[in-house]
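Down below is the structure, laid out as structure tokens.
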Amino acid sequence: LRLAAIERRLQNCLERMEADIEIEAVEEAGLADAVLTGRLEEQRRVIRLQQEELEQMYFERQVLADDAARLREACEGQLLEEDPAEAHVVVPKPTATETAGSGRTPRSEESLQRADGASQASDASASR
């Protein structure tokens, strides 16, 4: 993962240097005016910022996936320590669509609805 990130950074640096040389050559040859090259440089700056933001999002996603795996393992370990009879309980791993979405999964929606229904039932019995 780190090697891939370093390779990506080096590739970006190389592309940036090539683009700078191309712009200098076009300016020296008089093929483009200053306004055009200014716009081109601004677009390159915007693209570079978007690439950096995307890389940051990939990094954060990887960190969250690692945390989720660690927490999943900790939960499985606690289940085994608390009651070996419940060792057959398996914590489901997220599917690709669950991890790519908004964070809400069909399972989490279902458990939220059950919890909401249980709290409404307890509120109704408490009000009587």
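Values reported hereafter were calculated over all heavy atoms of this structure, with side chains retained and with hydrogens, waters and symmetry mates removed. Bear in mind that the values here come from a model prediction, so they are computed numbers and not experimental data.
Here the straight-line distance linking atom CD1 of Ile23 with atom CG of Leu36 works out to 9.0 Å at 0.5 Å rounding. Taking CD of Glu24 as the start and OG1 of Thr37 as the end, the distance is 11.0 Å to the nearest 0.5 Å. Taken from CD1 in Ile47 to CZ in Arg44, the straight-line distance is 9.0 Å, to the nearest 0.5 Å. From Glu15, atom CD reaches atom CZ of Arg48 across 12.0 Å, with rounding to the nearest 0.5 Å.
Counting heavy-atom neighbours within 6.0 Å of Arg9 CZ, excluding the residue itself, gives a total of 12 or less.
Qualifying side chain to side chain donor-acceptor pair (under 3.5 Å) partners for Glu28, counting only residues two or more places apart in sequence or in other chains: none.
Here the side chains of Glu52 and Asn12 are not in contact, with every heavy-atom distance at 4.5 Å or above. At a threshold of 4.5 Å between non-hydrogen side-chain atoms, the residues Asp66 and Arg70 do not count as touching.
Side-chain atoms of Gln11 and Glu7 include no donor-acceptor pair closer than 3.5 Å.
Pairs passing the salt bridge (Lys or Arg N to Asp or Glu O under 4.0 Å) check and including a residue from residues 30-43, sequence neighbours excluded, read Glu42-Arg45.
Across all their heavy atoms, Glu55 and Arg8 have their closest contact at OE2-NE, 3.5 Å.
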